[in-house]
Amino acid sequence: MTVQELPGDAAVYRPTPPPAWQHRTDPAPLLPDPEPFRVLGTEAAAAADPELLLRLYAELVRGRRYNAQATALTKQGRLAVYPSSTGQEACEVAAALALEERDWLFPSYRDTLAAVARGLDPVKALTLLRGDWHTGYDPYEHRIAPLCTPLATQLPHAVGLAHAARLKGDDVVALAMVGDGGTSEGDFHEALNFAAVWQAPVVFLVQNNGFAISVPLAKQTAAPSLAHKAVGYGMPGRLVDGNDAVAVHQVLGEAVARARRGGGPTLIEAVTYRMDAHTNADDATRYRGDSEVETWRGHDPILLLERELTERGLLDDDRRKTAADAAESMAADLRERMNADPVLDPMDLFTHVYAEQTGQLREQAAQLRAELDAEGEAR
């Protein structure tokens, strides 16, 4: 505090702002655009790389077929549950393609398509949802973290890995995917705060599909957009049309590049829509009308990209057939292998619990082994 002399005998205390007050971050550069960023249907689309457009298209077609096949497998009893990403394929595919091989993807339970688009075997991607194992693949081999069912808990994991990579000097970026419902979790706050304070090379992709199961976005937040939440943590927020595959790929690519060169984290909100129910166990008609779904069908990510490719003369019947045939081949292979009964070993219950089993686990394993042997002898 400082004392300022005034005329006469009076003196008053004038507070001197603490140093932290004198170094406040200017929020203007961190604010998202007022409207979702778009490429398709704008003048910017003419500059888009034709090779990228065609690759995105092929992946979107394959992704749509993958979603349909996985949904069918639930009806046949081959999957216990499947949270479809139909309608959100642009986000899923762009997330996979925006990363380099050395980077890490942190998916939620709805993001198996992103893992498949990154190169993971579809059967391995669905193993958790089949109920065989917690994870059907080696995360280190594929640079894909285990699918995360608890909301938003993968976000602090992504920040921790990204921060550790930065400390080691590794040129690695983590991309963490989450739904709009996950932004209401404490893990979301903790992850963004940690990432911004430590300038971790991580990108947060929020797929705002309108509902946290049945809870609409308006009942989750009063913020102008989810992307605006970035400002409170001191990182840039980006708002993008989540059904515009080219726009999502561009925004993610810029955020990944920024993180890689030491610019810190970015929060991206992709505005999209979940065409199917939350999972095969959900009845979406109880909380949304058919007219709403039909409106979004007119903004389908495949339709938007097809329109651009057709107008530029890049998509003909042969290319459409090639993409459809590749998607059908993937679906047939997935269907055939998922229809084979898995070989399960009850002793796997004790595998990968600890690097070195505890005494209690060894005791339980021995008890189960004895029971299995006794059952075998009784037969």
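Just so we're clear, the structure is a prediction, and the values are computed from it rather than from any experiment.
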Exercise for the section: Count the heavy atoms belonging to other residues, nucleotides or ligands that lie under 6.0 Å from CD of E336, then report whether that count exceeds 12. Expected result: no
Practice task
Can you measure from CG (L309) to OH (Y57) and round to the nearest 0.5 angstrom?
Solution key: 7.5 Å
Exercise for the section: Look at the side chain of Y287 and the backbone N and O of I213, then say whether any donor-acceptor pair between them is shorter than 3.5 Å. Expected result: yes
Exercise for the section: Could you list the residues that satisfy side chain to side chain donor-acceptor pair (under 3.5 Å) with Y82, not counting sequence neighbours? Expected result: N67
Problem - L334 vs L126 side-chain heavy atoms within contact, under 4.5 Å - result: yes
Practice task
Looking only at non-hydrogen atoms, find the nearest pair between V240 and V248 and report the distance.
Solution key: CG2-N, 3.9 Å
Exercise for the section: Identify the heavy atoms of A284 and R274 that sit nearest to each other, and give their distance. Expected result: CB-NH2, 4.5 Å
Handout entry: R102 bridged to D170 by N-O distance under 4.0 Å
Key = no
Handout entry: same_hphob_cluster(L368, L344) at 4.5 Å side-chain heavy-atom cutoff
Key = no
Fill in the blank from the handout: Distance col, row R118:CZ vs E59:CD, nearest 0.5 angstrom, shows 12.5 Å
Practice task
For the pair F211 and H278, evaluate side-chain contact (heavy atoms from CB on, under 4.5 Å) and give the outcome as yes or no after the intermediate values.
Solution key: CA-CA 9 Å; F211 293 93; H278 173 66; over 6 Å; no
Handout entry: Any donor-acceptor N/O pair, T358 side chain to L361 backbone, under 3.5 Å
Key = yes
Give every donor-acceptor pair under 3.5 Å between a side-chain atom in residues 173-180 and any protein atom, sequence neighbours left out.
residue: D180; atom: OD1; partner: N209; partner atom: N; Å: 3.2
residue: D180; atom: OD2; partner: Q220; partner atom: NE2; Å: 3.0

Problem - pair Q69-M330: side-chain heavy atoms closer than 4.5 Å - result: no
Problem - Donor-acceptor contact present, side-chain R64 to main-chain A327, <3.5 Å - result: no
Exercise for the section: Applying salt bridge (charged side-chain N to carboxylate O under 4.0 Å, His left out), name anything that partners R261, two or more places apart in sequence or on another chain. Expected result: none
Problem - More than 12 heavy atoms of other groups within 6.0 Å of D317 CG - result: no
Handout entry: Backbone of L217 reached by a side-chain donor or acceptor of T221 within 3.5 Å
Key = no
Handout entry: R110 side chain vs S84 backbone, donor-acceptor pair below 3.5 Å
Key = yes
Problem - By side chain to side chain donor-acceptor pair (under 3.5 Å) - contacts of E100 (at least two apart) - result: none
Practice task
Side-chain contact test, heavy atoms from C-beta onward, threshold under 4.5 Å: evaluate it for L151 versus D187 and give yes or no.
Solution key: no
Problem - Validation row: N280, V81 side chains within 4.5 angstrom (heavy atoms) - result: yes
Problem - Shortest non-hydrogen separation from P265 to P236 and the atoms involved - result: O-CD, 3.3 Å
Practice task
Show your working on side-chain contact (heavy atoms from CB on, under 4.5 Å) between D341 and R78 and close with a plain yes or no.
Solution key: CA-CA 9 Å; D341 291 331; R78 289 300 182 178; 2.7 Å; yes
Completion exercise
Only residue of L161, V202, I144, L205 satisfying side chain to side chain contact (heavy atoms under 4.5 Å, CB included) with F106 is L161
Exercise for the section: Check whether any side-chain heavy atom of L79 sits under 4.5 Å from a side-chain heavy atom of L129, and report yes or no. Expected result: yes
Exercise for the section: Verify, without hydrogens or angle tests, whether T310 (side chain) and R307 (backbone) share a donor-acceptor contact under 3.5 angstrom. Expected result: no
Practice task
To the nearest 0.5 angstrom, please state how far the CG atom of D300 sits from the CD atom of E306.
Solution key: 8.5 Å
Exercise for the section: Give a yes or no on whether V172 and W198 share a hydrophobic cluster (residues Ile, Leu, Val, Met, Phe, Trp, Tyr; joining criterion: side-chain heavy atoms under 4.5 Å apart). Expected result: no
Practice task
Working to the nearest 0.5 Å, report the span between OG1 of T86 and CZ of R65.
Solution key: 11.0 Å
Problem - Shortest non-hydrogen contact from F188 toward G182 - result: CB-O, 3.5 Å
Exercise for the section: To the nearest 0.5 Å, tell me how far E89 CD sits from M275 CE. Expected result: 8.5 Å
Exercise for the section: Would you give the length of the straight line joining atom NE2 of H352 to atom CD of Q357, rounded to the nearest 0.5 angstrom? Expected result: 11.0 Å
Exercise for the section: Take atom CD of E363 as the centre, draw a 6.0 Å sphere, and report whether it contains more than 12 heavy atoms from other residues, nucleotides or ligands. Expected result: no
Practice task
Determine yes or no for a side-chain-to-main-chain donor-acceptor pair under 3.5 angstrom, with E269 supplying the side chain and L226 the backbone.
Solution key: yes
Problem - Side chains of Y273 and T295, donor plus acceptor under 3.5 Å - result: no
Practice task
Measure up the H189 and Y233 rings against each other and bin them: parallel (under 30°), tilted (30 to 60°), perpendicular (over 60°).
Solution key: tilted
Exercise for the section: Identify whether L56 and V251 are in the same connected component of the hydrophobic contact network (ILVMFWY, side-chain heavy atoms under 4.5 Å). Expected result: yes
Exercise for the section: Inspect the contact between R143 and D138 and indicate whether a charged nitrogen and a carboxylate oxygen are less than 4.0 angstrom apart. Expected result: no
Exercise for the section: Any pair with a residue in residues 238-247 that passes side-chain hydrogen bond (donor to acceptor under 3.5 Å, both in side chains), sequence neighbours left out, goes on the list, sorted by first then second residue, please. Expected result: R38-D241, R238-E254, D241-H299, N243-T272
Problem - Backbone of A370 reached by a side-chain donor or acceptor of D373 within 3.5 Å - result: no
Handout entry: Trace of the side-chain contact (heavy atoms from CB on, under 4.5 Å) decision for D348 with W133
Key = CA-CA 9 Å; D348 285 340; W133 278 79; 3.4 Å; yes
Exercise for the section: Flag the pair E185 / L155 as yes when at least one side-chain heavy-atom distance between them is below 4.5 Å, and no otherwise. Expected result: no
Exercise for the section: State plainly whether one hydrophobic cluster holds both L53 and V61, where clusters connect Ile, Leu, Val, Met, Phe, Trp and Tyr through side-chain heavy atoms under 4.5 angstrom apart. Expected result: yes
Handout entry: L147 to P107 - nearest heavy-atom pair and separation
Key = CD2-CG, 3.7 Å
Handout entry: Same apolar cluster (I L V M F W Y, side chains within < 4.5 Å links), V353/M347
Key = yes
Handout entry: Closest non-hydrogen atom pair, A270 against G242
Key = CB-CA, 3.8 Å
Handout entry: Donor-acceptor pair, side chain of R312 and main chain of A45, under 3.5 angstrom
Key = yes
Practice task
Decide yes or no for P32 and H228: does some side-chain heavy atom of the first lie under 4.5 Å from some side-chain heavy atom of the second?
Solution key: yes
Exercise for the section: Might you confirm whether atom CG of D290 has over 12 heavy atoms from other residues, nucleotides or ligands at distances under 6.0 Å? Expected result: no
Practice task
Could you pull out all residues at least two apart from D325 that satisfy salt bridge (charged side-chain N to carboxylate O under 4.0 Å, His left out)?
Solution key: K321
Practice task
Answer yes or no: is there a side-chain heavy-atom contact under 4.5 Å between F204 and M235?
Solution key: yes
Practice task
Go through the steps for D111 and E92 under the test side-chain contact (heavy atoms from CB on, under 4.5 Å), then give the verdict.
Solution key: CA-CA 7 Å; D111 302 319; E92 300 284 310; 2.6 Å; yes
Exercise for the section: Give a yes or no answer on whether the side chain of R288 reaches the backbone of V293 with a donor-acceptor pair at less than 3.5 Å. Expected result: no
